[in-house]
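Just so you know, these numbers come straight off a predicted model, no measurement behind them. Convention: sequence-line order gives letters A, B, ...; per-chain numbering from 1.
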Protein chains: 2
Amino acid sequence: MTDEKPYHHGDLRSALLAAAEAELDARGIEAFSLRAVAKRAGVSHAAPAHHFSDANGLLTALAAEGYRRLLAYQGRRQASAAAEPAAQLVASGLGYIDFAMECPALFRLVFGSVRPDHGARDLQAAASMAYTHLTDLVFAAGGRTVADESAVWALAHGLADLLSAGRLKGVASMEPAMRDAVLRDVLARSLP
Amino acid sequence: MTDEKPYHHGDLRSALLAAAEAELDARGIEAFSLRAVAKRAGVSHAAPAHHFSDANGLLTALAAEGYRRLLAYQGRRQASAAAEPAAQLVASGLGYIDFAMECPALFRLVFGSVRPDHGARDLQAAASMAYTHLTDLVFAAGGRTVADESAVWALAHGLADLLSAGRLKGVASMEPAMRDAVLRDVLARSLP
DNA sequence: CCTTTATCTTGACGATGTCAGGATGGATGC
DNA sequence: GCATCCATCCTGACATCGTCAAGATAAAGG
């Protein structure tokens with residue numbers, strides 16, 4: 001009510017990132033429109049160019065945020081799990097799945113889109129933090145081979161991807177407690 | 001040289017499907033352009049409308065072809081594998097991965113895009129054939145629970161998705177024989 | 001042979017991403 | 001206090017996109 005529309009937004013960069021995520025949630029990555037993001041943030045269609053090189057530049061920054069949020073979801077599950085390495089590994093897998101289910105748009109942006117520049121510095125940094133987190137957990141749980149690492153990641157990722165796409169109706173239709181139990185059972189199979 | 005450009009194409013529908021797949025291979029689903037497909041097939045930009053309702057209609061038909069090709073890749077691996085159910089299950093997983101590696105554009109269209117109408121009759125039929133093939137194999141190998149089925153699918157799907165996206169460099173950089181051995185080892189973990 | 005119908009083309013519309021050029025106003029130097 | 005600079009934002013334009021309408025072409029069928 002005080003400031004209707006100041007010429008300078010103040011923190012347009014953050015507002016654009018939030019608007020872009022809302023836009024992704026509403027219309028999906030394949031219908032993503034930079035002009036719609038700008039409209040959502042209340043600025044003109046060319047304003048984003050002053051904060052991001054490209055539409056893909058905006059998506060790159062958002063994908064980095066996606067990796068950080070993935071780690072947050074994993075940490076949340078691990079915090080309420082037993083300290084044994086195997087339990088931590090399973091918990092991080094549940095966090096991976098939580099992220100995919102609760103932020104499906106970000107999940108698909110990070111793992112299913114080539115629009116973010118996956119070679120960009122900040123995105124690569126965020127990605128390697130997530131990757132290091134995985135390899136550390138695998139090592140702590142006794143995994144030593146490429147097969148171990150691949151199995152752990154692929155199983156969690158496959159469950160997350162199929163669930164967020166609605167292709168595992170048998171699991172998705174369960175009540176939360178039962179669903180977690182099944183997922184724990186499955187995730188525990190990744191290490192021999 | 002004989003027929004330069006007859007007004008009627010003859011089999012434009014098939015030509016458009018082939019051109020669309022080539023376009024997907026070249027530019028990816030996120031840069032897919034119906035006009036580029038038409039140009040590739042040598043027809044005007046509005047010609048596809050007479051054979052497919054939409055751009056998404058074309059992608060729907062192509063996705064159905066994707067499911068059929070997935071089954072073909074699985075069958076190829078199973079044909080050259082032992083008859084025991086467990087070996088057949090692992091072989092079909094390798095075929096799943098073959099499909100993702102050799103037809104990454106189709107793989108992402110089928111499993112990572114919402115542009116195909118996944119409720120369309122022919123696409124749903126093709127999808128359920130692939131799904132039935134999976135459940136039959138799991139049952140034959142002794143799997144009885146939702147967890148068994150989910151584990152088998154998720155592990156194969158996760159490997160396929162991560163490999164086709166270039167995120168499992170440790171596995172992707174191996175020579176074929178070694179790579180298959182590792183993948184067999186991993187896939188065998190899906191059943192308890 | 002004439003009509004019908006399927007097939008393809010041309011032209012148009014609104015929407016999109018990006019670029020060029022102009023407007024605004026906070027920040028800096030004096 | 002004031003003038004200047006420059007980051008920030010807007011307007012307008014362009015090529016390209018998907019889709020629709022209307023006309024052109026040729027194959028099919030009476």
May I have the distance from B:F32 (atom CZ) to D:dT19 (atom P), rounded to whole angstrom? 10 Å
Using a heavy-atom cut-off of 4.0 Å across all strands, would you classify A:A46 as base, sugar-phosphate, or nothing? base
Heavy atoms of other groups near B:M174 CE, more than 12 under 6.0 Å: yes
Lys/Arg-Asp/Glu bridge criterion (N-O < 4.0 Å) met for A:R68, A:D122: no
Give the residues of residues 51-61 of chain B touching DNA chain D, defined as any heavy atom closer than 4.0 Å, sorted by residue number. B:D54, B:A55
Length of the line joining B:D11:CG and C:dT7:C1', which is rounded to integer Å: 13 Å
Looking at residues 110-120 of chain A, who's got a heavy atom less than 4.0 Å off DNA chain D? none
From NZ of A:K39 across to C1' of C:dT16 the rounded distance in Å is 11 Å
Is it the case that the side chains of B:Y96 and B:W153 hold a donor-acceptor pair, with the cut-off being a distance below 3.5 Å and no angle test? yes
The nucleotide from D:dC20, D:dG12, C:dT16 with an atom nearest the side chain of A:H45 is D:dG12
Rounded to whole Å, the CD-C1' distance (B:E30 to D:dT16) equals 18 Å
Using whole Å, report how far CZ of A:R35 lies from P of D:dT16. 16 Å
Does B:R144 make a cation-pi contact with B:F139, if we ask for NZ or CZ under 6.0 Å from the ring centre and within 45° of the axis? yes
Proximity to the side chain of B:H50 - top-ranked nucleotide from C:dC8, C:dT10, D:dC10: C:dC8
Taking side chain as C-beta onward, heavy atoms only, is A:H45 less than 4.5 Å from A:L34? no
What I want to find out is whether A:R115 reaches A:D54 closely enough, with some N-O distance under 4.0 Å, to be called a salt bridge. no
Do you see a donor-acceptor pair shorter than 3.5 Å between the side chains of B:Y131 and B:E149? yes
Measure the distance from CG on A:L12 to C1' on D:dC10 and round it to the nearest whole Å. 12 Å
Can you give me the bend angle of the helix from C:dC1-D:dG30 to C:dC30-D:dG1? Use the axis through the first five pairs and the one through the last five, nearest 10 degrees. 10°
Any carboxylate oxygen within less than 4.0 angstrom of a Lys/Arg side-chain nitrogen, looking at B:R77 and B:D180? yes
One thing to verify: whether A:R69 and A:E21 come together as a salt bridge, which I'm taking to mean a side-chain N less than 4.0 angstrom from a carboxylate O. yes
Pair B:F107 and B:H157, ring centroids less than 6.0 Å apart: yes
Reckon B:S33 touches a base, only the sugar-phosphate, or nothing at all at heavy-atom distances under 4.0 Å? sugar-phosphate
Carboxylate-amine/guanidinium proximity below 4.0 Å for A:E23 and A:R27: yes
